[in-house]
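Numbering of residues begins at 1 and proceeds along the displayed sequence.
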Amino acid sequence: MKTPATGAVLRLIRAQSHLQNRFAAELGGVHGLSVNELMVLLQLERSPGGRLRRVDLAERLDLSQSGVTRMVAPMEKLGWVERAADPRDARVGYVVLTAAGRRLARDGSKTLAEMSSALFGDHWTARELETLGRLLGRLTANLPGQLDS
């Protein structure tokens with residue numbers, strides 16, 4: 001039975017898939033990175049010292065720790081991030097943004113902003129976009145790692 005809530009969720013899932021694919025092609029073509037990699041870089045860029053524990057990064061990205069490890073490994077090889085140990089606790093590992101990663105986060109953010117403007121273009125008013133952002137924000141209000149605030 002389809003309810004208004006089910007309809008809304010189905011539309012959100014469809015929109016997310018569409019946006020993911022559309023933005024992935026552009027980010028990949030221009031910067032050589034995926035949407036998920038940009039999300040990692042942005043989370044690190046907005047963290048104190050450009051570093052996060054793997055467990056915190058996993059929580060912010062809604063991934064498992066092993067998922068973060070698999071995602072970050074190629075980024076390390078490309079020099080976008082590096083690993084660092086906690087000097088007080090060898091069990092704790094950090095993912096640290098490098099200078100190259102910081103540049104890529106900045107450039108990727110610019111591309112994301114341009115694509116976002118083009119996506120909504122003249123079809124949406126600023127007020128509608130603010131309302132959409134506020135409504136979607138209610139869904140994620142209690143999640144860590146908000147990038148839009």
Side-chain angles (χ1 to χ4, degrees), residues 5-121 123-124 128-130 132-149:
T6 303
V9 165
L10 291 173
R11 284 187 181 103
L12 281 171
I13 291 170
R14 175 75 173 114
Q16 187 275 336
S17 177
H18 171 71
L19 292 174
Q20 185 88 11
N21 290 333
R22 184 172 177 171
F23 283 45
E26 183 79 13
L27 288 169
V30 174
H31 303 290
L33 79 160
S34 71
V35 173
N36 291 335
E37 289 168 334
L38 178 58
M39 296 301 288
V40 168
L41 296 175
L42 293 177
Q43 287 292 345
L44 292 170
E45 180 187 48
R46 294 175 185 177
S47 297
R51 61 192 274 150
L52 283 169
R53 296 181 312 161
R54 280 193 293 270
V55 65
D56 295 327
L57 189 54
E59 186 177 63
R60 289 174 181 218
L61 297 171
D62 203 20
L63 294 172
S64 67
Q65 287 187 53
S66 62
V68 166
T69 299
R70 284 190 301 276
M71 183 183 295
V72 167
M75 296 174 73
E76 282 184 67
K77 290 179 182 170
L78 292 166
W80 301 343
V81 298
E82 59 190 15
R83 292 182 197 202
D86 187 318
R88 289 171 274 180
D89 188 347
R91 297 171 295 177
V92 176
Y94 287 92
V95 179
V96 182
L97 191 61
T98 64
R102 194 170 301 281
R103 279 191 304 277
L104 193 54
R106 184 186 62 239
D107 294 345
S109 289
K110 286 179 186 174
T111 300
L112 184 66
E114 291 166 2
M115 292 179 64
S116 298
S117 294
L119 174 72
F120 291 109
H123 305 292
W124 295 66
E128 288 172 326
L129 291 172
E130 289 170 6
L132 177 62
R134 189 175 62 255
L135 291 171
L136 292 173
R138 285 171 44 189
L139 285 174
T140 60
N142 295 322
L143 298 178
Q146 297 293 326
L147 291 173
D148 60 342
S149 49

Tell me, do [X] and [Y] make a side-chain contact under 4.5 Å, heavy atoms counted?
X	Y	result
Ser109	Leu42	yes
Arg83	Arg54	yes
Leu41	Val81	yes
Leu33	Trp80	yes
Leu12	Leu136	yes

Next item on the list: Evaluate side chain to side chain contact (heavy atoms under 4.5 Å, CB included) for Phe23 paired with Leu38, printing each intermediate quantity in order.
Entry: CA-CA 11 Å; Phe23 283 45; Leu38 178 58; over 6 Å; no

Notebook entry, point to check: Can you check side chain to side chain contact (heavy atoms under 4.5 Å, CB included) on Asn36 and Leu63, steps first, answer last?
Noted result: CA-CA 11 Å; Asn36 291 335; Leu63 294 172; over 6 Å; no

Next item on the list: Please identify each residue that fulfils side-chain hydrogen bond (donor to acceptor under 3.5 Å, both in side chains) with Asp62, with sequence neighbours left out.
Entry: none

Note to self: I need the single residue from Gln16, Arg22, His18 that forms a side-chain hydrogen bond (donor to acceptor under 3.5 Å, both in side chains) with Gln20. Which is it?
What the structure shows: Gln16

Note to self: Does atom CG (Asn142) have a neighbourhood of more than 12 heavy atoms from anything else shown, all under 6.0 Å?
What the structure shows: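 No, not enclosed.
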
Item checked: Candidate pair Leu119 and Leu19, rule side chain to side chain contact (heavy atoms under 4.5 Å, CB included), full reasoning -> CA-CA 9 Å; Leu119 174 72; Leu19 292 174; 3.3 Å; yes

Note to self: For the backbone of Leu143 and the side chain of Thr140, can you confirm whether one donor and one acceptor N or O come within less than 3.5 Å of each other?
What the structure shows: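 No.
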
So which atom in [X] and which in [Y] form the shortest heavy-atom distance, rounded to 0.1 Å?
X	Y	result
Ala85	Arg51	O-NH2, 4.5 Å
Gly79	Thr98	O-OG1, 2.5 Å
Pro144	Glu59	CG-CG, 3.4 Å
Glu82	Glu76	CA-CG, 4.4 Å
Leu44	Leu52	CD2-N, 3.8 Å

Out of curiosity, [X] [atom1] to [Y] [atom2], how far, rounded to the nearest 0.5 Å?
X	Y	atom1	atom2	value
His31	Thr111	NE2	OG1	2.5 Å
Gln65	Arg70	CD	CZ	11.5 Å
Arg60	Arg53	CZ	CZ	10.5 Å
Gln43	Met39	CD	CE	6.0 Å
Glu37	Met75	CD	CE	5.5 Å
Arg11	Thr6	CZ	OG1	11.0 Å

